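Notes follow once the structure below has been shown.
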There are 2 protein chains.
Amino acid sequence: MTPQRIGVYRYLLENRTHPTVETVYQALKADSPSLSKTTIYNTVDTLTDAGLIRVIRVGEGEARLDGEIIDHGHFFCRVCGNVYDFDLDNCHLPQSLPGFRMEGFDVHVAGVCAACAEKD
Amino acid sequence: MTPQRIGVYRYLLENRTHPTVETVYQALKADSPSLSKTTIYNTVDTLTDAGLIRVIRVGEGEARLDGEIIDHGHFFCRVCGNVYDFDLDNCHLPQSLPGFRMEGFDVHVAGVCAACAEKD
DNA sequence: TATTATGATGTAAAGATTACAACATGGATG
DNA sequence: CATCCATGTTGTAATCTTTACATCATAATA
Ligand SMILES: [Mn+2]
Ligand SMILES: [Mn+2]
Ligand SMILES: [Zn+2]
Ligand SMILES: [Zn+2]
């Protein structure tokens, strides 16, 4: 655990907005100007392999980072681009895949969020 | 509907392997050498907007194309990179998002497929 | 036939991620 | 303490994927 890794992990725990690598980079660079974006990418790999964070790819463009590792769903608004969490109540892992080793789970819903839907 | 669009759509209906744009391009180029990869990208947009196909981004790297538009889940094998379909039995759209307009739905599971798991 | 609209093509540019070499750091060893 | 060694960081370049755009082809329309 290095200051850089702690910084990225802490940022993701405190900002549950599913930020991009670029967003994290810009935010942390304010405090540590020598920070490199490559370090963010390396750290994301390290933290992902350690099971501390996860990377989700929803919609288009950059990958989004998530410090919440408990299973939950993601709603992607195609208007504002925000990613919202939601609980998975009646959604269970499929039992119908014999021999398959399941390691990760995610539910993606795309559409228009409440804030953007109201602006019509 | 142009010959190129029909070709891409037909390829996706006949090949349920979630191919990449590059794979579709290489396959169709054999029959129509003048085909451009940009046309594949444009056609994917057109077919997606028309609701005939869908694009999924699972794992790393290129986007995967899917001619099956009925809701189903996707299993991504991190070893061989294949994407497998599975049925969604007890998985319903979440009701707990008031005001959100839902348009698309997908379940992503990552892990090791049966074929790759057997090789250990 | 001339016009026009739409789509296809090829190249260039943009955007996102990875590869890699050089540098920094901090602990172990003598 | 001085040296060595392992690991992590940094900056740049390269790669990979996708998009932008100008040009060409095609077919329908007037
Ligand atoms: Mn989340
Ligand atoms: Mn599928
Ligand atoms: Zn929105
Ligand atoms: Zn596999």
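This one's a predicted model, so the numbers in the text were calculated from it and none came from an experiment. So that the names make sense, note that chain A is the first sequence line, chain B the second, and so on, each numbered from 1.
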Between A:Phe100 and B:Tyr84, ring centroids under 6.0 Å: yes
CE of A:Met1 versus C1' of D:dT9: gap in Å, rounded? 15 Å
In whole angstroms, the gap separating C1' of C:dA24 from CG of A:Leu35 amounts to 15 Å
Nearest to the side chain of B:Thr38 - D:dC21, C:dC20, D:dT17? D:dC21
Of the listed nucleotides (D:dT19, C:dT17, C:dG7), which one gets closest to any side-chain atom of B:Arg5? C:dG7
Charged N to carboxylate O below 4.0 Å: is that the case for A:Arg57 and A:Asp106? no
With distance as the sole criterion, is a donor-acceptor pair present between the side chains of B:Thr20 and B:Thr23 under 3.5 Å? yes
Between A:Ser36 and A:Thr38, is there a donor-acceptor pair closer than 3.5 Å when you use the side chain of the first and the backbone of the second? yes
Rounding to an integer number of Å, can you tell me how far A:Ile6 CD1 sits from D:dG8 P? 13 Å
Assign each of B:Ser34 and A:Arg57 the nucleotide of DNA chain C bearing its closest heavy atom; nearer the 5' end lies the nucleotide of B:Ser34
Is the shortest side-chain N to carboxylate O distance from A:Arg54 to A:Glu68 below 4.0 Å? no
Taking the nucleotide of DNA chain C with the closest heavy atom to each, which residue, A:Asn42 or A:Val21, is nearer the 5' end? A:Val21
Proximal nucleotide (of D:dT12, D:dT18, C:dT9) relative to the B:Tyr41 side chain: D:dT18
Please state how far atom CD in B:Glu62 lies from atom C1' in C:dT18, giving the value in whole angstrom units. 15 Å
Atom pair distance, as rounded to whole Å: CG in B:Leu47 and C1' in C:dG7: 13 Å
Atom-pair distance (CD1 on B:Ile40; C1' on D:dT17), nearest Å: 15 Å
Against the side chain of B:Ser36, the closest entry in D:dT9, C:dT9, C:dT18 is C:dT9
Ignoring the backbone of B:Ala63, work out which of C:dT17, D:dT18, C:dA8 is nearest its side chain. D:dT18
Figure out the NZ/C1' separation between A:Lys29 and D:dT9, and round it to whole Å. 16 Å
Round to a whole Å and report the spacing from NZ of A:Lys37 to P of C:dG15. 11 Å
Indicate, with a heavy-atom threshold strictly under 4.0 Å, whether A:Glu22 touches base, sugar-phosphate, or nothing. nothing
Please determine, for the side chain of B:Thr39, which listed nucleotide (D:dT17, D:dT10, C:dT9) has the closest atom? C:dT9
